[in-house]
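Written out below as structure tokens is the structure these notes cover.
For the numbers below, each heavy atom of this structure counts, side chains included, while hydrogens, waters and symmetry mates do not.
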2 protein chains.
Amino acid sequence: MKISKELSKGSTGMIVLSVISRSEMYGYQIIKTVEMMSENVFQMNEGTLYPILHALEKEDYLTSRWVESEENGRKRKYYKITEKGIKELASQKQEWETYSTAVGKVLTGELQTI
Amino acid sequence: MKISKELSKGSTGMIVLSVISRSEMYGYQIIKTVEMMSENVFQMNEGTLYPILHALEKEDYLTSRWVESEENGRKRKYYKITEKGIKELASQKQEWETYSTAVGKVLTGELQTI
DNA sequence: AAAGGATACCTTGATTATCTATGTATAATA
DNA sequence: TATTATACATAGATAATCAAGGTATCCTTT
């Protein structure tokens, strides 16, 4: 990810699940899609993405299949979300909501200090 | 932090700077304050906090002093934010804003896929 | 008086997410 | 012909956090 430091750790799997949940995609396309949707805030690199895809598949959140491109003969590995993945995504979104709301509360100092 | 997984990685330093920016505090108090302000979402453990405090001090974002408590004789190490720390906090808040907004965009799918 | 829990500091070693670098290969462009 | 973009992948390094352990004092309950 481009966003400096370690801020995005932990959310990358959710981001990947999220974009795949809208349409079957291959790895390189995921990178470009996330880049575009985040307006270049997230610039995932391949060394990050591929291990995540493999892990998500191992957990049965995704399935994959090889597809030969029609324009060029290039092979692409398409990933599709599973039912289990859809549930996991919903759970992770909920957790993200809880987390980001909590950060907001601390940053804005809604409550008083002890 | 209590929030499961690794979601909060990278934001802990900012959280600490943020609570200290409102008043001088000692370590244990920081943990309790963050717990309260986040409504128990963040349950920082000591093994996380103390190394962070030392690192922030080393970077001159904080200064510390030992204070003997008046109620009981217990010694506490109070941390105070510096000018440099205030600037750093502002920068990290800005980054958090960019990051969380980007996550929101990807999750809600504001734009279309390629 | 003893025991346990809360307070208060700290460090070490393990875990894990991500990055950097590297590798392979093809297609399109300059 | 050389470079860039596409497309997959892995290995080793880095770094944030956690789990566990250590020391010590104070307060409350038994």
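- Toward the 5′ end of DNA chain C lies the nearest nucleotide of B:Lys77, the other residue of the pair B:Lys77 and A:Gly47 mapping further downstream.
- Counting to the nearest Å, the P atom of D:dA9 and the NZ atom of A:Lys58 are 15 Å from each other.
- Between D:dT6, D:dT10, C:dT11, one nucleotide has an atom nearer to the side chain of A:His54 than all others, and that is D:dT10.
- If you measure from atom CD of B:Glu57 to atom P of C:dC9, you get 13 Å, rounded to the nearest angstrom.
- Taking for each of A:Gly13 and A:Glu46 the nucleotide of DNA chain C with the nearest heavy atom, the 5'-most of the two is the partner of A:Gly13.
- In the hydrophobic clustering of this structure, A:Ile15 groups with A:Met36; members are Ile, Leu, Val, Met, Phe, Trp, Tyr whose side-chain heavy atoms approach within less than 4.5 Å, directly or through other members.
- Of the candidates D:dA19, C:dC9, C:dT18, C:dT18 carries the atom nearest the A:Ile52 side chain, counting heavy atoms from C-beta on.
- The side chain of B:Asn45 lies closest to D:dC18 when the candidates are C:dA8, D:dT17, D:dC18.
- In this structure, the CD atom of A:Glu35 is 12 Å from the C1' atom of D:dA5, given to the nearest Å.
- Residue A:Tyr28 places its side chain closer to D:dA7 than to any other of D:dA7, C:dT18, C:dC9.
- With rounding to whole Å, B:Met25 atom CE is found 12 Å from C:dC9 atom P.
- Taking atom CG on B:Leu49 and atom C1' on D:dA16, their separation rounds to 14 Å, with Å as the unit.
- Taking atom CD of A:Glu68 as the reference point, atom C1' of C:dA25 lies 13 Å away to the nearest angstrom.
- Of all nucleotides listed (C:dT11, D:dT10, C:dT7), C:dT7 comes nearest to the side chain of B:Lys32.
- With sequence neighbours excluded, no residue forms a salt bridge (Lys or Arg N to Asp or Glu O under 4.0 Å) with A:Glu59.
- Applying the salt bridge (Lys or Arg N to Asp or Glu O under 4.0 Å) test to B:Glu35 and every residue at least two apart in sequence or in another chain returns B:Lys32.
- Here the P atom of nucleotide D:dA9 and the CD1 atom of A:Ile31 are 11 Å apart, to the nearest Å.
- Listed nucleotides D:dT6, D:dA9, C:dC10 differ in distance to A:Arg76; the shortest reach to its side chain belongs to D:dT6.
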Please test A:Leu53 against A:Ile30 for side-chain contact (heavy atoms from CB on, under 4.5 Å), starting from the C-alpha separation and ending with a verdict. CA-CA 10 Å; A:Leu53 285 173; A:Ile30 294 168; 3.9 Å; yes
